[in-house]
Q: 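Below are the C-alpha cells for one structure; questions will follow.
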Protein chains: 2
Amino acid sequence: MRDYPLAKVYQTIEPGPVVLLTTTAKDRANVMTMSWHMMVDFEPPLIACIVSDANYSFAALRKTRECVIAIPAAKLASKVVEVGNTSGRDIDKFAAFGLTPVPAKRVGAPLVAECLINLECKAIDTRLVNAYGLFILEVVKAWADPKQKNAKTIHHGGCGTFVVDGETIKLRSKMR
Amino acid sequence: MRDYPLAKVYQTIEPGPVVLLTTTAKDRANVMTMSWHMMVDFEPPLIACIVSDANYSFAALRKTRECVIAIPAAKLASKVVEVGNTSGRDIDKFAAFGLTPVPAKRVGAPLVAECLINLECKAIDTRLVNAYGLFILEVVKAWADPKQKNAKTIHHGGCGTFVVDGETIKLRSKMR
C-alpha cells in the first residue's frame, strides 16, 4: 500500500461504496460491514458514519475513538457479506474469512491488506452518538493499493443485493 | 408518481446515488445537486446530509426545515451537472434546465417530476448545522415513478466524473 493524498479522500467515499470498518479493543481487532457513511468536509477529510450500539464494534469505537475505513473491491463481495452476517462477539472475523490485518500508522485499528483504499480515522465529534450512533471522523492518514487502481466497488441496495460499478462518464463540471 | 413505502426508503439512499435537493423560500423553489448524504435509521427513515452555507439552498433549508430529496436516473446526468454548476441566486434552475416542480404533499419544497424517487423530508435535528452544515432529516412521505423502476443511478467520484450502476449481484445475507 502506498500513501494516498488526503485531498483526494472524498473521491473514494463520495460515490457511496460499501466499506469495512475495523476497530481494536483490548488487543483484539474486529471488522464490520458498513454502508451508512458520507463525506462531511474535503480537507482535512471528515467522514460521518452510523455505527449502531447493536454492533459489537460500537463500544470499541466509542472507547478508543479510532478506526480504519477500508474499501473492498467487488471481488471481495462474498467476504463483505460474511463479515456483515457475523459478530466479533463470537469469532475472529479476520481469521475466519481470510482477511489480513496490517498495523496502521496513526491509529490502533488495523488496515485490511486486501482492500484498495484504507483510511485511518479518529473520532473528533461524538455529540450525536447517543441519539443516532453518528460519529464524525477525521481521516488522519490514507493508503491506496496501486495494483487495484481501477478496481470496481460495490453499493448495497439492501438484503444482500449489491450494484457493481458500471461505466464511467466524464462531464464538464465546476463541481469539486 | 405512486406512493413508495417508508420502510424501503433506505434501499434507495444506501447505495449512494447522486441526488437533487429542492427547497422553497419566499415562494421561490430551488434545486441543488448533492452527494454527501447517508441513511441514519430505517423507520421512520432518517437521512443525514451536508448542505454548506456556501450553497444558496442552505438558508432556505435552515429556515423552513423542509426539503425534497429526488433521485435522478443516469439519463439526467447532464442536467445534474448543470444544476450543480449554477446557483439559485442567479437563475430559476427548474426553468433553465427543463425540470418540472410538482407540489409535494407534506412539505413546501417541490418534487421533481423527472426523478425516479422523491422523498419529502423535514429537518428534525440541527445540532451539527453550525459546525458542519449537517442536517438530520426525517422522510415523511415517499414517491416512486413506476415507469423508471429499473433505472440506473449515478455516483459522483469528483470533478464531473460519474460511475453508472452496472450489474446487480444477489448474495445470501442476513443484513437488512
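Computed from heavy atoms alone, side chains included, the values below leave out hydrogens, waters and symmetry copies. To find a chain, count down the sequence lines: A is the first, B the second, and so on, and within it residues start at 1. What you are looking at is a predicted structure, and each value in this text was computed from that prediction instead of being measured.
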Q: For B:Lys147, does the NZ atom sit with more than 12 other heavy atoms under 6.0 Å from it, leaving out its own atoms?
A: no
Q: Who wins among A:Val40, A:Thr161, A:Asp125 for the most heavy-atom pairs under 4.5 Å with chain B?
A: A:Val40
Q: Transitively linked via ILVMFWY side-chain contacts under 4.5 Å: A:Val129 with A:Leu137?
A: yes
Q: Taking atom CG of A:Asp3 as the centre, report whether more than 12 heavy atoms of other residues, nucleotides or ligands fall under 6.0 Å from it.
A: yes
Q: Considering non-hydrogen atoms only, spot the tightest contact between A:Ile124 and B:Tyr132 and give its length.
A: CD1-OH, 4.2 Å
Q: Quick check for you: to the nearest 0.5 Å, what is the distance between B:Met39 atom CE and A:His156 atom NE2?
A: 13.0 Å
Q: Could you have a look at A:Pro15, A:Ala74, A:Gly16, A:Gly158 and say which one has the most heavy-atom pairs with chain B under 4.5 angstrom?
A: A:Pro15
Q: Using the rule that two of Ile, Leu, Val, Met, Phe, Trp, Tyr join whenever any of their side-chain heavy atoms come within less than 4.5 Å, decide whether A:Leu111 and A:Met32 are in one cluster.
A: no
Q: Could you tell me which portion of B:Ile169 (side chain, backbone, both or neither) has an atom closer than 4.5 angstrom to a non-hydrogen atom of chain A?
A: both
Q: Where on B:Arg127 is there a heavy atom nearer than 4.5 Å to chain A: the side chain, the backbone, both, or neither?
A: both
Q: At a heavy-atom separation under 4.5 Å, does B:Ala131 approach chain A through its side chain, its backbone, both, or neither?
A: side chain
Q: Using side-chain heavy atoms (C-beta onward) and a distance below 4.5 Å, is A:Arg172 in contact with B:Val81?
A: no
Q: Working to the nearest 0.5 Å, report the span between CG of A:Leu171 and OG of B:Ser78.
A: 7.0 Å
Q: Mark yes when over 12 heavy atoms from residues, nucleotides or ligands other than A:Arg65 sit less than 6.0 Å from its CZ; otherwise mark no.
A: yes
Q: Starting from B:Met1, can I reach B:Val107 by hopping between I/L/V/M/F/W/Y residues whose side chains sit under 4.5 Å apart?
A: yes
Q: Work out which heavy atom in B:Ser173 is nearest to a heavy atom in A:Gly160; give both atom names and the distance.
A: CB-CA, 3.6 Å
Q: So if you build clusters from Ile, Leu, Val, Met, Phe, Trp, Tyr with side-chain heavy-atom gaps below 4.5 Å, do A:Tyr10 and B:Val51 land together?
A: yes
Q: With chain A as the partner, which of B:Thr12, B:Ile50, B:Asn85 has the greatest number of non-hydrogen pairs under 4.5 Å?
A: B:Asn85
Q: Within the distance-only criterion (no hydrogens, no angle test), does the side chain of A:Lys174 pair as donor or acceptor with the backbone N or O of B:Thr86 below 3.5 angstrom?
A: no
Q: Give a yes or no on whether B:Tyr4 and B:Ile71 share a hydrophobic cluster (residues Ile, Leu, Val, Met, Phe, Trp, Tyr; joining criterion: side-chain heavy atoms under 4.5 Å apart).
A: yes
Q: Calculate, to the nearest 0.5 Å, the distance between atoms CD1 and CE belonging to B:Ile13 and A:Met38 respectively.
A: 12.0 Å
Q: Can you establish whether the number of heavy atoms outside B:Lys149 located under 6.0 Å from its atom NZ is more than 12?
A: no
Q: Atom NE2 in A:His37, atom NE2 in B:His37: separation rounded to 0.5 Å?
A: 11.5 Å
Q: If we define contacts as heavy-atom pairs under 4.5 Å, which of A:Val163, A:Leu46, A:Thr33, A:Val18 has the most with chain B?
A: A:Val163
Q: Surrounding CZ of B:Arg2 (heavy atoms of other residues, nucleotides or ligands, distance under 6.0 Å), is the total greater than 12?
A: no
Q: Checking B:Ile136 against chain A: side chain, backbone, both or neither under 4.5 Å from a heavy atom?
A: side chain
Q: Please say whether more than 12 non-hydrogen atoms of neighbouring residues, nucleotides or ligands are located less than 6.0 Å from CG in B:Asp90.
A: yes
Q: Any chance NZ of A:Lys8 has more than 12 other-residue heavy atoms, nucleotides or ligands included, within less than 6.0 Å?
A: no
Q: Does any backbone or side-chain atom of B:Phe162 lie under 4.5 Å from a heavy atom of chain A? Answer side chain, backbone, both or neither.
A: both
Q: Who among B:Val164, B:Thr168, B:Asp165 has the most heavy-atom pairs with chain A under 4.5 Å?
A: B:Val164
Q: Just verifying a value: how many Å separate A:Ser52 OG and B:Asp41 CG, rounded to the nearest 0.5 Å?
A: 8.5 Å
Q: Which atoms of B:Leu128 are under 4.5 Å from chain A, going by heavy atoms: the side chain, the backbone, both sets, or neither?
A: side chain
Q: Flag the pair B:Cys159 / A:Gln11 as yes when at least one side-chain heavy-atom distance between them is below 4.5 Å, and no otherwise.
A: yes
Q: So which of B:Thr153, B:Val80, B:Leu134 has the biggest tally of heavy-atom pairs under 4.5 Å with chain A?
A: B:Leu134
